[in-house]
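Below is one structure, written out as structure tokens; the observations come after it.
These values consider heavy atoms only, across backbone and side chains, with no hydrogens, waters or symmetry-generated copies. None of the values given here were measured: they were computed from a predicted structure.
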Amino acid sequence: MSDPEVPQPERPKDVNDVVDSANAGLDAAAAAGAGVSGTPADTTDTAGEKPATTTPAVDPDLAAFEAAENEHPGTFATPELNDPKYLDDDKGATTTSWNSDADATAAYTPPVAHEQSALAGAAYSSVDDTETRIVPSEPAVAEPIIAPPLQQQPIFVQAPEPPRERGNRGTAGAIGLLATVAFAILYLGATLGLGAFAGDVTGENIAESALAPLTTWGYWVPVVVFFLGFWLLGAFINRGRWGLWVVFGIIVGLIAYGGHILGALFEAPFWLLNAREGNELVGAQLFHPLAIAAFVFARELTIWFGAWVARSGARKTELNAEAQREYERTLEAGPTLSR
């Protein structure tokens, strides 16, 4: 069983056939026009007859075009012109007729096939439903901002101060107070011993005899003079070695010896004595046992307590030397900024 035959649409003929057919139609229209124009019209109207109906003239070009269109439909048709929106609103406008010249008709070039025109129109008339995307332009390259050169501000650096040397005079004075207390105890013991040797101090009155010298000038003047002598020697030696205390300790002994004689003069008192009595009192105290004891005590205490002062002086000497070396290293390193 074969498939039914499907009627195929009539394909347009060749352009030359179309042109020949159009020329033939024009010739036929021209012949028809000549026949109409050759018949004489009866222009005489009778009084009792109605006027005859006038037949409109036929345009030969339009007739030929219609004949060619009827034979080959779609060849000369323009679909856009059939759309009502392209029609002229003025209905009374006169339609421009085609040129009746045969040469112009022969030179007429048919438009592009309807299918291609339709495809091209669809391609250009289709509306793109894709959302329009605005693409930003390339960002402008920002010019580098050149900061003005910073002016260097002057930096003031305080120069390191040289280290202050640590002295030993204060330490000598403090140690001298302890040495003075020791001297006072020894000097009081010597006084009580001489009293006990003379028989004036016994076991019954030892307390009274120990307190009695504490209220006299003869006791306190040697003690005070010893402290002054020890401190002055410490101020002179300062951080010196112990050998200086051994050598110059005799000076403190002599000062204490003189303090004993001065205390005897204050005990007299000397402002009530004449020159002869004063000389006799001083002569009596030159070789007094307490005067010799004061010299010995002061001499020995100066040596042994002076060793303590010398040791402290040596320690401070080392500290001063270390501080001086640190100061010199700081000067060699130069100024530095603290962070």
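- Note: His260 NE2 to Gln285 CD = 4.0 Å, rounded to the nearest 0.5 Å.
- Leu186 places a side-chain heavy atom less than 4.5 Å from the side chain of Leu301.
- A donor-acceptor pair is defined here as one N or O able to donate and one able to accept, closer than 3.5 Å; such a pair exists between the side chain of Thr215 and the backbone of Ala212.
- Ion pairing between a basic and an acidic side chain is recognised when a charged N comes within 4.0 Å of a carboxylate O; Lys316 and Glu165 show no such pairing.
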Checking Thr317 against Asn320 for the side-chain hydrogen bond (donor to acceptor under 3.5 Å, both in side chains) test, could you report, in this order, the C-alpha distance in whole Å, the side-chain angles of both residues, the deciding distance, and whether it holds?
CA-CA 5 Å; Thr317 301; Asn320 292 335; 5.5 Å; no

For Leu281 and Leu273: C-alpha separation, side-chain torsions, deciding distance, then whether side chain to side chain contact (heavy atoms under 4.5 Å, CB included) applies.
CA-CA 9 Å; Leu281 180 60; Leu273 301 175; 3.9 Å; yes

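- Results of the ring-ring contact (aromatic ring centres under 6.0 Å, His included) test with Trp245 over Trp304, Phe230, Phe305 single out Phe230 as the only residue that passes.
- Between Ile261 and Leu286, some side-chain heavy-atom pair lies under the 4.5 Å cut-off.
- In this structure, the side chain of Arg169 engages the main chain of Ala235 through a donor-acceptor pair within 3.5 Å.
- With hydrogens and angles ignored, the 3.5 Å screen pairs no side-chain donor or acceptor of Asn205 with any backbone N or O of Glu208.
- Enclosure of atom CG in Leu177 by more than 12 non-hydrogen atoms of other residues, nucleotides or ligands within 6.0 angstrom is indicated.
- Under a cut-off of 6.0 angstrom, the local environment of CZ in Phe236 is sparse, with at most 12 non-hydrogen atoms contributed by other residues, nucleotides or ligands.
- You'll find the side chain of Phe266 stays beyond 4.5 Å of the side chain of Thr216, heavy atoms only.
- The ring of Tyr219 has its center closer than 6.0 angstrom to the ring center of Tyr187.
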Go through the steps for Glu328 and Arg325 under the test salt bridge (charged side-chain N to carboxylate O under 4.0 Å, His left out), then give the verdict.
CA-CA 5 Å; Glu328 293 176 356; Arg325 288 191 294 268; over 6 Å; no

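- Residues Val282 and Leu265 approach most closely at CG2-CD2, 3.9 Å, considering heavy atoms.
- Under the salt bridge (charged side-chain N to carboxylate O under 4.0 Å, His left out) criterion, Arg241 pairs with no residue, sequence neighbours left out.
- Taking the charged nitrogens against the carboxylate oxygens, Arg329 and Glu332 have no contact shorter than 4.0 Å, which rules out a salt bridge.
- The shortest side-chain heavy-atom distance between Thr171 and Trp308 does not fall under the 4.5 Å cut-off.
- The backbone N or O of Gly167 sits nowhere less than 3.5 Å from a side-chain atom of Asn238 that would complete a donor-acceptor pair.
- In this structure, the side chains of Trp242 and Val309 stay at 4.5 Å or more apart for every pair of heavy atoms.
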